[in-house]
Amino acid sequence: MKSGLIMIAAACLLAVFAPLARPQEQAPAGFAFPDLPYTYYALEPWIDARTMEIHYSRHHRGYYDNFIKAIAGTDYERQTMPQIFAGISKAPAAVRNMGGGYYNHNLFWENLAPTPEAPSDVLRGALEARFGSMEAFQAAFNQAAAAVFGSGWAWLVLTSDGKLEITATANQDNPLMDVAAVRGAPLLALDVWEHAYYLKHQNKRADYIAAFWKVVNWPEVSRRYTVALDAGKK
Ligand code: MN3
């Protein structure tokens with residue numbers, strides 16, 4: 001009887017602690033799977049809840065879990081994501097693809113927001129100086145996003161020589177990688193993989209890109225710009 005109670009107590013304890021065995025909790029310091037900063041339906045009607053749920057809980061989660069597996073027991077566990085990306089040309093394909101997929105989506109969720117707010121005066125001024133106007137900047141960004149053949153990302157970056165540039169990367173590559181055509185600090189990321197828009201927009205990527213501008217988190221993009229400028233001065 002007593003041992004039966006102990007068994008039950010042990011089973012309860014196991015049930016309580018079982019979630020701790022998930023890869024997320026075993027991940028090395030610095031590599032966490034982030035919470036989505038809003039609900040799945042928060043970006044409706046621009047980005048639909050079903051797409052958000054699948055994109056975050058399956059695609060992003062899959063990249064994350066596979067990245068943690070890919071770096072297990074390697075020196076990568078003791079590096080930061082920017083350090084890993086700086087030497088990505090020598091890394092196994094799984095570290096590049098899964099690490100990029102993990103990190104790019106972290107940036108993407110954070111640079112979206114349900115409530116539209118304006119860019120900082122500093123960023124707006126810099127974009128206008130570089131591209132002529134906000135409209136011209138957006139048109140150039142749209143063109144880069146539309147021109148990605150197959151799967152990839154469009155980016156606004158601050159290069160190491162302090163220039164704002166629009167660029168695109170294939171697959172899950174990003175501008176922090178040593179393989180990127182244009183390298184720099186990512187300020188704004190747009191996922192143009194079909195999984196990001198196909199449920200709502202099917203083949204009409206341009207409609208998805210137009211909807212994206214309705215939910216850009218400009219305060220976050222402005223914050224990244226300030227951080228990147230400060231890092232460039234050091
Ligand atoms: Mn994606």
Side-chain angles (χ1 to χ4, degrees), residues 23-24 27 31-71 81-82 84-85 88 91 93-114 141-157 166-177 179-182 186-217 220-221 224:
Q24 182 180 353
F31 305 111
F33 186 64
D35 290 333
L36 200 60
Y38 32 73
T39 63
Y40 290 139
Y41 53 83
L43 305 180
E44 292 265 11
W46 311 112
I47 300 179
D48 61 291
R50 183 83 176 125
T51 296
M52 282 302 301
E53 180 180 1
I54 295 170
H55 200 173
Y56 170 76
S57 70
R58 299 195 208 166
H59 290 276
H60 192 192
R61 183 79 212 191
Y63 291 122
Y64 174 75
D65 288 345
N66 285 313
F67 172 65
I68 296 302
K69 269 184 221 157
I71 64 167
M81 295 305 297
I84 292 173
F85 293 145
I88 207 72
V95 174
R96 176 170 169 178
N97 294 332
M98 301 304 159
Y102 161 50
Y103 188 81
N104 295 352
H105 289 87
N106 294 356
L107 292 174
F108 184 48
W109 308 137
E110 294 283 347
N111 72 215
L112 301 177
F141 191 95
N142 290 351
Q143 199 172 13
V148 172
F149 184 75
S151 299
W153 292 74
W155 305 89
L156 172 68
V157 302
I166 292 166
T167 188
T169 54
N171 304 315
Q172 295 295 354
D173 287 356
N174 68 46
L176 293 173
M177 293 183 175
V179 293
V182 177
L187 308 181
L188 176 64
L190 173 59
D191 186 344
V192 294
W193 282 59
E194 283 187 344
H195 68 225
Y197 61 88
Y198 207 86
L199 283 178
K200 184 176 173 70
H201 298 288
Q202 295 80 49
N203 60 321
K204 293 169 287 194
R205 186 189 286 177
D207 291 359
Y208 161 70
I209 297 169
F212 158 75
W213 291 113
K214 305 287 189 184
V215 289
V216 169
N217 184 351
E220 170 62 11
V221 181
R224 290 177 190 170

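In listed order, ligands and their atoms are each counted from 1.
Using a 3.5 Å distance cut-off with no hydrogens or angles, the side chains of His60 and Trp109 do pair a donor with an acceptor.
The aromatic rings of His195 and Tyr63 lie tilted to each other, with the angle between the two planes from 30° to 60°.
A ring-centre distance under 6.0 Å is found for Tyr56 and Phe33.
Among the backbone and side-chain atoms of His105, an N, O or S atom lies under 2.8 Å from the Mn ion (ligand 1). Taking backbone and side chain together, His55 holds an N, O or S atom under 2.8 Å from the Mn ion (ligand 1).
Distances from the Mn ion (ligand 1) to the N/O/S atoms of His195 are shortest for NE2. Within Asp191, the N/O/S atom positioned nearest the Mn ion (ligand 1) carries the name OD2.
The ring pair (Phe, Tyr, Trp, His ring centres under 6.0 Å) test with Trp153 is passed by exactly one of Phe212, Tyr103, Phe108: Phe108.
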